Each structure stands twice: as C-alpha cells, then as structure tokens.
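Just so we're on the same page: letters track the sequence lines, and every chain starts at 1. Because the structure is predicted, anything quoted here is derived from the model rather than measured.
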Amino acid sequence: MSDPGSAAVGARRQWWAPYLMVAPFVAVFLAFTVYPLLRSLVLATEKSAGPRFTEFVGLGNLAFLMQDSLFWRAVINTVIYMAAFVGIQMPIALALALAVNQQRLRFRSVFRYAFFCPHLVGTVFVAVIFLRILSRDGLVNVGIGEVASWFNLTWTGIDWLKTEYVALGAILVAALWLSVGYSMIYLLAALQTVDKELLEAARVDGANAWQRLRHVTLPAIMPTLVFLTLVSSVGAMQLFELPYLLCGGGGPRNSTLSIVGYLFDQGFVTGNLGYASAVGWALVALCAGLSLLQVRRSGFHRA
Amino acid sequence: VGQAGWRARSDADGAVWRHDGTTWQPDPSATRADHWRERILSSRIAMWSKQGRSYGIPFDAHPSALCWREDLYLEAGVDLMAVRTWPEFQDACLRFETYWHNQGRPARRAFELSTIRADVLVNLLVQQGVNLVDDSGVHLQHPRVVATLMEYATWVAGPRAFGRDPAGETAQFTAELMAGEICAFLAPDWRIGLIQRNDPNRQLQGRLRLRPLPVWRAGDARTTTFGGTMLGIMATCPQPEAAWRSIEDMLLSSAAFEARLERLGNILQPIPERWSDPRYHQPDPYLSASQAIMSLYIALADEVPARRVSPASALAEAALSEALADAKDHVRRHGREGLEAACLAALRRVEGDLRRRMAHGLFESTAADGATP
C-alpha cells in the first residue's frame with residue numbers, strides 16, 4: 001500500500017506538468033496568432049514604407065479610410081457579392097442536396113461527386129477555365145451567338161470580365177460553380193440525420209412535400225444552414241482570388257475591387273502596410289458585425 | 001574588376017582609375033558609384049533614382065519594339081514597316097481586322113491592348129518622355145497625357161477600336177500569338193525570350209518580325225520601356241563596400257557579363273561599351289528573315305526614355321485607368337465630339353484623388369526636407 005503523504009508530495013512536485021504539455025501550443029499560438037494580431041493593431045496606427053520605415057499617425061489611417069472613396073467602393077462591391085453569393089448559393093445547394101438525397105435517384109454517388117469536384121480542383125483551376133469561357137471569343141459568347149442566329153439576330157459578344165456592370169456577376173458565377181458542391185455535401189449530411197419517423201408521421205397526417213420540407217426538414221437542418229450561411233458570408237467577405245485572377249484585381253472601373261483586394265493593393269503594391277492593416281481591421285469589424293447580425297436574426301444564439 | 005579598353009575601372013577597395021590613352025591614373029575625386037554612373041545607361045539609372053540619389057544598379061536596358069505576325073499581316077496586305085505614326089498604326093490595324101473579318105476570322109485581332117488598365121497607355125506616355133509622377137510632381141493633366149488618352153480611348157472603344165486584352169500571362173499569350181488571335185504587341189527585349197521559351201516546337205519560327213515603335217510626333221523616342229530589375233544596397237547594410245564588390249562581381253564584371261550573355265542573352269545589359277560584342281549581333285532564325293534581335297534593341301537602347309518609379313507610380317496608373325474608363329464611355333456615347341474636355345475633366349478629377357492619397361502617404365519626417373525614405 002502506498003503512502004498517501006508521499007503521493008501528495010509527488011502531485012505537488014508535478015504541478016507544472018500540464019503547463020509543460022500545453023506550452024508548445026501556447027508558444028506557437030502566442031508567436032503566430034496573438035503577436036501578429038497585436039502587431040497589426042499597432043501597425044494600423046502607423047503609416048509605413050515597407051516594414052522598417054514607419055511613422056505614428058494615431059487614428060489618421062482610420063480617418064482617411066472613412067473618406068476613401070475606393071475603400072467604400074470595395075465595401076459596396078464586397079457586400080453586394082456576399083449577399084448575392086449567399087442568397088443564390090444556399091437555395092441551389094439545398095436543392096441539389098435534396099435531389100441527390102432521393103433514394104430512387106440512380107447514380108447518386110456519381111452526381112454527388114460531380115457536384116462536389118469543382119471544390120476539389122481549387123480556385124486557380126476554376127479561374128483558368130472561366131477565363132476562357134467568359135472571354136470575348138469564349139464559349140458563353142459563342143453559345144449566345146449560336147442561339148441568337150436561330151432567331152436571325154446578331155450577337156457581337158461582350159467581354160464579360162472586362163465590362164463594368166457584368167464583371168462582378170461573372171465572378172459570382174465562377175464562385176458559385178466552385179463552392180455550391182461544398183455546401184451541398186454539408187446539407188446532404190444534415191438531411192441524412194433528419195428523423196425519418198417524423199417525416200413519415202407528417203406524411204401520414206397529410207402533409208405534402210413542401211409542407212414536410214418547411215415544417216420538418218428545414219427546422220431539423222437549421223443549425224447546419226446557419227453554420228453554412230455564416231461560413232459562406234465570412235468567406236465571401238474575404239473575396240480576393242477570383243477577382244485577382246479573372247480581372248487582375250479591381251477590374252473595369254473598380255467594379256470587382258474587393259476589400260481584401262484593396263488591402264492587397266495598399267500593402268503590397270503601394271507599400272503602405274499601416275493603411276493596409278487599418279483596412280484589415282475594418283474588414284474584421286465588418287465580418288464580426290455581420291456574423292453577430294446573422295446569428296441574432298436566426299435566433300440560433302438562444303439554442 | 002577593371003579591364004583594359006575601358007575608360008575607367010574601379011579596384012576591389014573602391015579606388016577609381018582612369019585611362020588617359022597611355023596609362024592608368026588614379027582618380028581620387030571619383031567614387032565607385034561615380035565610376036559606374038558614367039558607364040551605365042543613364043536612363044536606366046534614372047529609373048532607380050529620386051531627387052538626384054540613385055538607389056540601385058540596373059540589371060537591364062529593356063528597350064521595347066513592335067513585334068508582329070508578319071505572315072498574317074502580309075496576307076492581309078498590310079505592311080507594318082511602312083507605318084510611321086501611331087494614328088497610321090491604328091489605320092493599319094483596322095485594315096487588318098477588316099480583312100480577317102471578311103475572311104470569316106473575326107476573332108483575329110491586330111494588337112495586344114489593355115482595355116481596362118492603363119499600363120499600355122503609360123508605356124506610350126513614357127515613349128514621349130512623360131512620367132505621370134516624378135520628382136517635379138504629378139503630371140496627369142500634361143497636354144501629352146490628354147492627347148494620348150484621347151487617341152487611346154478611340155483604340156479601345158467606339159467604331160475605330162481594334163485589338164484586345166490577352167486572356168492571360170505569357171504562356172496564354174504565346175498560345176494566342178501562335179493561334180493568330182492576337183497578332184502584334186509591344187515587345188521589350190525580355191518578352192521575346194519568354195515567348196521563345198513558351199514555344200518549344202518553334203511554331204512561330206520565321207513568322208515574327210520586329211521594328212522600332214511608331215511615334216506620336218517627330219522627335220519622340222522610337223522605343224519605350226517597361227519592366228526592370230535592380231540590385232541595391234540596403235541602408236542598414238553593415239558592410240556596404242563588400243556589398244559593392246559583390247554587385248560588381250555578380251552584375252557588372254566581365255565574368256558576370258559572359259555568364260549573363262550565356263543564360264539571359266535576350267536581356268540587353270545596360271552597359272553600352274559592351275554592346276559591340278559580336279554575339280549581340282547574330283542573326284536569329286526565330287524571327288522573319290533571321291533578323292538580329294539584339295541589334296535592333298541595341299539600336300533603340302540609346303533612346304530608351306527614363307521611366308520614374310515611386311510608390312505613387314501604381315497609384316497614378318490606377319488613376320489614369322479611371323480616367324480611361326471615363327474617356328471610353330465618352331467615345332462610346334459621343335465619339336470624338338467633346339472628347340478633349342471630357343478627358344481633361346476626368347484627369348482633373350483623378351489627379352485630385354491621387355494628390356490626396358500621396359499626401360496621406362507622405363512622411364512628416366521627410367516631407368520637410370523633400371527626401372524620401
């Protein structure tokens with residue numbers, strides 16, 4: 001039998017063991033997350049020409065940001081894109097998930113993979129494809145021209161990615177193609193957790209397909225829908241790669257300039273890392289506000 | 001690092017020697033930097049200089065020429081060698097596109113242009129010796145900027161528009177060139193080499209031709225320049241003399257010249273006394289009639305205009321892109337009627353915004369003495 005006194009002494013001697021075990025994580029977290037965050041907060045109060053030449057300006061960057069027309073253009077573009085992206089993506093993803101969840105659908109696995117695979121190839125690959133499809137001599141214009149010729153009409157084609165009022169829409173189409181499958185997979189998983197007995201009971205009670213969807217399925221998958229809406233919104237607010245690859249950044253008359261694109265221009269083209277950092281924190285504030293709003297509107301925070 | 005035949009040389013310790021025709025004499029008044037400043041193409045040093053101070057040793061001369069698919073232009077009956085000015089070039093391109101449109105090839109475009117960004121427009125301004133921003137200030141409302149913007153707007157909008165943007169970077173562009181979708185482009189020395197690298201089967205061999213650029217008016221340079229690399233010594237460098245020696249060894253010495261000629265022969269080095277090397281003047285079968293590519297670039301190199309670079313350069317180009325969008329809208333709606341006033345108004349507007357941005361980026365500690373970090 002061991003001596004309880006010596007066990008207590010051993011425990012006291014090893015009080016530091018848990019700290020030692022979490023220390024590597026804490027060190028990495030402090031070095032690569034907390035410090036950069038704090039440093040970027042400090043940087044937002046400076047103007048800079050490269051990393052070594054800085055000058056304190058206090059709230060000067062924020063004041064300039066408030067009356068910077070390009071920044072507000074980027075905000076408007078990004079918010080429009082985000083609203084359209086989430087508003088279109090979720091219904092399409094849900095419809096696809098419902099379709100490929102049907103037991104009687106043949107080749108369900110093939111369809112699931114087909115819808116999901118654009119997400120696997122990544123943004124650059126999708127951008128290369130859409131560059132070709134949406135160019136003036138690309139597939140879309142050729143297709144429209146062909147259809148127009150059936151009605152004796154002439155379609156001269158437009159450069160979708162270089163025309164002011166359609167470029168953002170073209171980017172949206174590429175983004176949807178890229179990401180609908182990803183949301184579909186989440187919703188499919190959620191649909192498969194819906195209580196089948198509940199659905200059967202609703203059917204027995206005379207509920208039609210729409211009523212079963214509205215009153216049984218949607219409430220059951222609501223947590224997943226809220227999660228996906230939140231993740232998609234924040235992802236859309238961070239729009240950068242597609243405009244950069246498809247339109248070279250701001251696009252025609254800055255119609256595809258996004259907040260992150262503007263941040264990139266300020267930080268890495270103009271070299272003012274301080275102002276870029278201020279833009280970054282403005283984006284953080286926007287994303288936080290948006291997320292809070294969405295969670296509150298959905299009532300999910302009470303669950 | 002010096003060698004006989006040069007007018008001057010610098011030793012490893014930085015001492016400068018000059019050759020008086022008979023012997024080498026030390027020149028205690030000259031620094032290593034002075035010595036190289038005399039020997040390197042001044043317009044390329046200017047690119048990396050601000051308010052009289054140079055911040056880097058240029059790697060290249062980068063003159064630009066006009067390159068085109070001679071086979072397709074000749075088939076269309078358009079002789080680009082006869083073109084003298086940019087307006088004549090526009091006429092030639094329109095004749096080219098009309099011919100191919102009538103042949104059922106409407107997608108065949110005469111020239112690579114930027115329809116949204118002002119990068120080509122900036123190159124055309126640099127050709128005329130106009131930099132949007134330089135030590136003396138902002139020049140967005142310069143008469144040549146207005147005139148060139150007006151002309152360029154008619155290149156990319158309205159009934160006399162021609163050319164188009166490339167669908168991608170070099171590989172994509174080379175594919176378009178091979179397919180005859182874009183048939184002419186501004187070609188700095190580095191670009192021909194990249195095209196050759198992206199054409200491993202030499203499909204374009206014998207089909208391309210080079211010539212000096214058309215001009216806007218008599219006296220303009222027949223070339224412009226874009227792109228460039230430099231080697232600099234950081235202000236915090238603990239051993240600037242050692243850094244200087246490294247730069248001389250790696251970039252400026254005879255050994256470096258030989259190595260670079262071997263590996264990057266398509267990039268003209270910015271030291272004129274070396275341009276007489278016969279290897280620069282070999283005929284190249286890749287071009288039509290085995291044109292000697294580097295001979296043409298060397299003939300243009302003395303005319304390379306100074307292109308100024310500063311953090312505001314990108315802002316100024318973005319501002320000009322905004323003005324170009326306004327000018328294009330005007331051309332689409334009203335043609336050339338009132339175009340000058342529209343361009344001036346657009347340039348005035350974007351210049352105001354540019355000045356505000358530049359003022360925001362200016363450092364208090366350096367604004368007073370006019371220096372820059």
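- Within the 4.5 angstrom heavy-atom criterion, atoms from both the backbone and the side chain of A:N61 approach chain B.
- Other residues, nucleotides and ligands place more than 12 heavy atoms under 6.0 Å from the CZ atom of B:F162.
- Ranked by non-hydrogen atom pairs under 4.5 Å with chain A, the options B:A318, B:A314, B:A325 are led by B:A325.
- For the atom pair CG of A:L245 and CD of B:E169, the computed distance is 10.0 Å after rounding to the nearest 0.5 Å.
- Of the atoms belonging to B:A323, not a single heavy atom falls under 4.5 Å from chain A.
- Considering only heavy-atom pairs separated by less than 4.5 Å from chain A, the leading option among B:K328, B:Q172, B:R164 is B:Q172.
- For B:D353, the part sitting under 4.5 Å from any heavy atom of chain A is the side chain, from C-beta outward, and nothing else.
- Here the side chain of A:K47 pairs a donor or acceptor atom with the backbone of B:H360 at under 3.5 angstrom.
- Inter-residue side-chain proximity for B:R357 and A:L70 is flagged as met; some heavy-atom pair is nearer than 4.5 Å.
- The nearest pair of heavy atoms linking A:L161 to B:I116 is O-CD1, 4.2 Å.
- Atom CZ of B:R117 has 12 or fewer neighbouring heavy atoms from other residues, nucleotides or ligands inside a 6.0 Å radius.
- Rounded to the nearest 0.5 Å, atoms CG (B:L324) and CZ (A:R253) are 9.5 Å apart.
- Interface remark: A:S135 contributes no atoms to any contact with chain B (heavy atom separation under 4.5 Å).
- In this structure, CZ in B:R356 is found 5.0 Å from CD in A:Q67, a value given to the nearest 0.5 Å.
- At a 4.5 Å heavy-atom cutoff, B:S321 makes no contact with chain A through either its backbone or its side chain.
- In B:H101, the NE2 atom is not crowded: 12 or fewer heavy atoms of neighbouring residues, nucleotides or ligands sit closer than 6.0 Å.
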